[in-house]
**Q** 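Sharing a structure here in structure tokens format.
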There are 2 protein chains.
Amino acid sequence: MAARRPRPAASAEAVRPVSMADLARELGVSMTTISRALSDHHSIGPSTKQAVLKLAKKLNYQPNHLAAALRKGRSKLLGVMVPYIEGRFFASVVHGIETAASRAGYSVIMCQSNEDVAQERRNIETLLSAQVAGILVSVSRTTLDFRHFEKVRKQGVPLVFFDRVLEGENINSVVLNDQQGAFLATRHLLAQGCRSIAHLAGPQHLNIYKNRRQGYLDALSSSDITPNESLIVECDMSVEGGQTAMAQLLTLPNPPNAVFSAGDSAALGALQLLKSRGVRVPQDVALVGFSNEALTLVAEPNITSVDQRCEEMGQAAFRLFTELVEAGNAPISQRQVVLQPQLFERASSLLGVTDKSPEANPAA
Amino acid sequence: MAARRPRPAASAEAVRPVSMADLARELGVSMTTISRALSDHHSIGPSTKQAVLKLAKKLNYQPNHLAAALRKGRSKLLGVMVPYIEGRFFASVVHGIETAASRAGYSVIMCQSNEDVAQERRNIETLLSAQVAGILVSVSRTTLDFRHFEKVRKQGVPLVFFDRVLEGENINSVVLNDQQGAFLATRHLLAQGCRSIAHLAGPQHLNIYKNRRQGYLDALSSSDITPNESLIVECDMSVEGGQTAMAQLLTLPNPPNAVFSAGDSAALGALQLLKSRGVRVPQDVALVGFSNEALTLVAEPNITSVDQRCEEMGQAAFRLFTELVEAGNAPISQRQVVLQPQLFERASSLLGVTDKSPEANPAA
DNA sequence: TTGTACGCGTTATCAC
DNA sequence: GTGATAACGCGTACAA
């Protein structure tokens with residue numbers, strides 16, 4: 001060992017991480033041996049293997065995923081794209097994805113399209129350039145065609161859509177059964193004895209809102225009720241939109257005694273307006289929302305709502321991805337996972353039980 | 001051009017993306033030329049450059065970031081770790097980071113520690129293995145020391161902490177001035193004429209709550225008010241915690257006429273309890289929360305709260321990272337960015353203005 | 001069981 | 001202004 005040298009400039013220089021070559025040199029064996037020991041290959045002596053692992057730990061060996069990925073042609077990176085990460089829904093889905101991915105040894109590259117197709121296109125390019133192992137995406141609102149996804153399948157990169165999906169294509173997807181959710185919500189109102197049920201509908205060019213409206217109609221006809229067009233008001237699903245829509249409903253000759261809103265914010269708006277007009281909820285008008293946002297437990301009374309299984313959706317999306325990997329991503333694959341929604345009954349729609357506990361209460 | 005061949009098994013095989021070598025072969029030049037043309041190198045003929053770019057577009061050239069990163073020893077990946085992605089705060093910060101990063105050509109690898117040091121340690125290893133260009137992290141609640149971050153600085157990887165920071169170290173960080181936020185909140189209550197102000201304090205081993213408590217005390221003494229220990233109640237900042245704490249305050253011989261809560265959920269709990277006891281807000285008790293969560297605009301009355309500048313924090317964190325990169329990540333660097341909070345005054349604390357618009361109203 | 005040799009796609013360093 | 005070559009760190013047929 002050399003004599004004490006003047007310390008090298010306070011270790012100002014960055015230190016290169018220990019590579020396989022370092023281990024090989026130190027141990028006097030070839031890199032192949034190192035590689036095999038580390039990857040638990042079968043043709044490796046137990047003693048050498050132990051020696052390698054021990055030295056790796058001692059020297060703080062740090063694998064270079066980039067190099068491995070370059071060699072194998074595919075990384076352990078998973079691309080995830082959402083319209084935006086803010087807000088409960090996508091944050092929860094991403095949480096679900098990340099948790100599952102991390103457990104399986106994947107890292108998540110997260111990107112946002114900001115509801116912009118151009119950005120979505122750029123993100124896809126970036127993800128492909130990063131040699132991701134797969135791409136999970138919820139398309140932006142302005143996405144109308146699949147062209148920029150063609151390259152993804154061409155390269156054999158597993159592609160899974162979740163929540164927001166374009167229809168009429170051979171795709172793998174995970175979606176919520178919105179129609180069923182709306183059906184449950186409406187049937188619940190019917191079970192409470194309401195016969196005149198209004199619907200605050202969302203923009204009908206979006207699948208989710210179209211399906212929710214259909215579920216509402218299904219429930220009505222299952223009870224032999226003829227839908228009344230004047231009880232269906234389309235709005236933008238904002239709080240203000242809900243207020244306006246509710247005000248409009250109250251001007252009817254025969255106002256409804258129940259409202260099913262396709263979104264929680266609009267439901268809140270409706271609730272605010274009802275209270276401001278002195279209409280009691282649920283006694284005079286029962287109310288159900290959709291999405292099970294946090295606000296449903298803050299509003300007074302608490303708002304009954306349909307839960308979207310955000311986290312399960314994330315898990316399911318990742319799981320579908322792994323299935324595609326195992327199946328060799330057969331190009332003609334088309335797998336659809338449909339999650340079943342869950343109704344949480346709360347005070348805003350429970351007639352005769354006005355002060356129910358805010359505890360989650362899953363209905364069948 | 002060859003005669004029509006039997007189509008190759010319905011293109012079942014994955015297609016390798018076009019590489020620089022492909023362009024070189026097609027154009028009859030060397031790869032060096034291609035590389036230079038694509039990276040806008042100075043010693044390159046304008047005509048050849050145009051030809052290369054044109055062909056690249058035509059053949060749909062797709063750069064391989066992995067290979068570039070391997071060669072250069074550092075990628076365009078940015079590691080971001082948060083305790084969890086759910087909830088408004090971290091989602092917004094990540095949104096801010098991702099937006100800024102994407103603009104600067106970086107991709108974000110997002111991971112969660114789930115408030116677990118061990119997971120945090122593993123994530124750091126993973127990020128380093130991915131050769132990230134830098135790491136932005138908000139430490140988990142169970143993190144007590146910096147050991148697992150030592151390797152990061154050793155390797156010269158820029159490291160930025162945001163929001164949750166360990167103290168007493170040479171670190172780069174972006175934090176909110178919690179003390180100032182609490183000061184603003186309390187001073188606002190004083191300005192409303194309240195002299196007996198209680199404080200719902202959070203767990204005092206966490207910096208943010210300690211600082212908020214201090215800001216509260218500062219404001220009191222700036223008005224020559226002697227703090228009353230019985231008016232300071234520590235709770236877990238949950239809705240239920242807020243209810244319990246508020247109930248306790250109401251049992252005092254001289255209950256307060258104002259409450260500053262270190263969190264919005266606890267403020268909501270306090271509000272609920274006050275209403276259930278028939279105490280009017282703000283007339284009998286004025287109320288201010290902290291974090292400016294969505295619930296503040298849902299509660300009735302809307303709750304005055306301190307905004308944490310989530311998105312700005314994300315932007316600032318990324319900006320700090322880029323500064324470190326440009327400065328060559330000088331090992332002894334220590335930069336602190338302190339964001340100024342903003343008070344949003346709402347009905348819960350405005351005496352004489354009970355039905356103020358829910359619009360955001362930034363106070364000085 | 002272990003070692004040799006090569007290639008993954010890109011960039012930096014020379015030489016021309 | 002352009003080209004040949006080496007190197008980044010790792011995985012894997014193939015040979016020993």
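Each chain gets a letter, A, B and so on, in the order its sequence line appears, and its residues count up from 1.
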**Q** Name the closest nucleotide to the B:Ser35 side chain, picking from D:dA13, C:dT11, C:dG9.
**A** C:dT11
**Q** Does A:Thr32 or A:Ala67 map to a spot on DNA chain C nearer the 5' end, using the closest nucleotide for each?
**A**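 The residue mapped nearer the 5' terminus is A:Thr32.
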**Q** Is there a donor and acceptor pair, one atom on the side chain of A:Arg36 and one on the base of C:dG3, closer than 3.5 Å?
**A**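 Per atom types, the contact qualifies.
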**Q** If I take atom CG in residue A:Leu38 and atom P in nucleotide D:dG9, what distance separates them, rounded to the nearest angstrom?
**A** 15 Å
**Q** Could you check whether atom CZ of B:Arg319 has more than 12 heavy atoms from other residues, nucleotides or ligands sitting under 6.0 Å from it?
**A**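 No - once you tally the heavy atoms of other residues, nucleotides and ligands closer than 6.0 Å, there are 12 at most.
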**Q** Identify whether any heavy atom of B:Gly73 sits under 4.0 Å from a base atom; if not, whether one sits that close to sugar-phosphate; answer base, sugar-phosphate or nothing.
**A** nothing
**Q** Does the side chain of B:Tyr61 get closer than 4.0 angstrom to OP1 or OP2 of C:dG9 through an N or O atom?
**A**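 B:Tyr61 to C:dG9 OP1/OP2: no side-chain N or O under 4.0 Å.
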**Q** Within this structure, what is the CG-to-C1' distance between A:Leu66 and D:dG9, rounded to whole angstrom?
**A** 10 Å
**Q** Select from B:His42 and A:Gln62 the residue whose nearest nucleotide in DNA chain D is closer to the 5' end of that strand.
**A**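 Final value for this comparison: B:His42.
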**Q** Which nucleotide in the list C:dG3, D:dC10, D:dG9 gets nearest to the side chain of B:Leu70?
**A**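 So the nucleotide nearest the side chain must be D:dG9.
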**Q** Can you tell me how far C1' of C:dG9 sits from CG of B:Leu23, to the nearest Å?
**A**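 Going from B:Leu23 (CG) to C:dG9 (C1'), I get 12 Å.
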**Q** Please determine, by modelled atom types, if B:Glu120 and B:Thr143 share a side-chain donor-acceptor pair under 3.5 angstrom.
**A** yes
**Q** Name the nucleic acid region contacted by A:Ser19, choosing base, sugar-phosphate or nothing; use a 4.0 angstrom heavy-atom cut-off, strictly under.
**A**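 Since only primed, P, OP1 and OP2 atoms lie under 4.0 Å of A:Ser19, the category is sugar-phosphate.
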**Q** Using a heavy-atom cut-off of under 4.0 Å over every strand shown, decide if A:Ser39 touches base, sugar-phosphate, or nothing.
**A**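 The residue A:Ser39 makes no contact with any strand.
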**Q** Under the criterion side chain to side chain donor-acceptor pair (under 3.5 Å), I'd like the reasoning laid out for A:His41 against A:Ser39: C-alpha separation, chi angles, the key distance, then a yes or no.
**A** CA-CA 6 Å; A:His41 195 274; A:Ser39 56; over 6 Å; no
**Q** If only side-chain N and O atoms of A:Thr33 are considered, is one of them under 4.0 Å from the OP1 or OP2 phosphate oxygen of C:dT2?
**A**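 False: A:Thr33 side-chain N/O out of range (4.0 Å or more) of C:dT2 OP1/OP2.
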**Q** If you look at every strand shown and take non-hydrogen atoms under 4.0 Å, does B:Arg74 touch a base, only sugar-phosphate, or nothing?
**A**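 Contact class for B:Arg74: none.
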**Q** Choose from D:dG3, D:dT2, C:dT2 the nucleotide whose nearest atom is closest to any side-chain atom of B:Thr48.
**A** D:dT2
**Q** Select base, sugar-phosphate, or nothing to describe what B:Ser43 touches, counting heavy atoms under 4.0 Å on all strands.
**A**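 Base: the residue B:Ser43, judged by heavy atoms under 4.0 Å, touches a nucleobase.
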**Q** B:Asp40 has an atom CG; how far is it from atom P of C:dT10, in whole Å?
**A**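 Nearest whole value for this atom pair: 17 Å.
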**Q** Pick the nucleotide of DNA chain D nearest each of B:Arg71 and B:Pro46; which residue has the one closer to the 5' end?
**A**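 Result: B:Pro46.
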**Q** If you take the centroid of each ring, where Trp contributes its six-membered ring, are B:Phe162 and B:Phe321 closer together than 6.0 Å?
**A**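 So the answer is no for these two rings.
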**Q** For a quick check of understanding: with a heavy-atom distance under 4.0 Å over all strands, which category does A:Ile44 fall into, base, sugar-phosphate or nothing?
**A**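 The answer is sugar-phosphate, as A:Ile44 gets under 4.0 Å only of primed atoms, P, OP1 or OP2.
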**Q** Quick one: closest heavy-atom pair of B:Gly156 and B:Arg74, and the distance?
**A** O-NH1, 3.3 Å
**Q** Using atom CE of A:Met31 as one end and atom P of D:dC14 as the other, report the distance to the nearest whole Å.
**A**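 Answer to the nearest Å: 20 Å.
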**Q** Can you see if the side chain of B:Ser30 gets near the phosphate of D:dG3 - specifically, an N or O under 4.0 Å from OP1 or OP2?
**A** yes
**Q** Between C1' on D:dA13 and NZ on A:Lys72, what's the gap in Å once rounded to a whole number?
**A** 16 Å
**Q** Could you check whether B:Met20 gets within reach of a base, just the sugar-phosphate, or nothing at all, counting any heavy atom under 4.0 Å?
**A** base
**Q** Do side-chain atoms of B:Glu86 reach the backbone of A:Ala91 as a donor and acceptor pair under 3.5 angstrom?
**A**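 Not a single qualifying donor-acceptor pair exists.
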**Q** Give the rounded distance in Å between these two atoms: CD1 of A:Ile34 and P of C:dT1.
**A** 17 Å
**Q** Return the value, rounded to whole Å, for the distance between atom CD of A:Gln50 and atom P of C:dT1.
**A** 15 Å
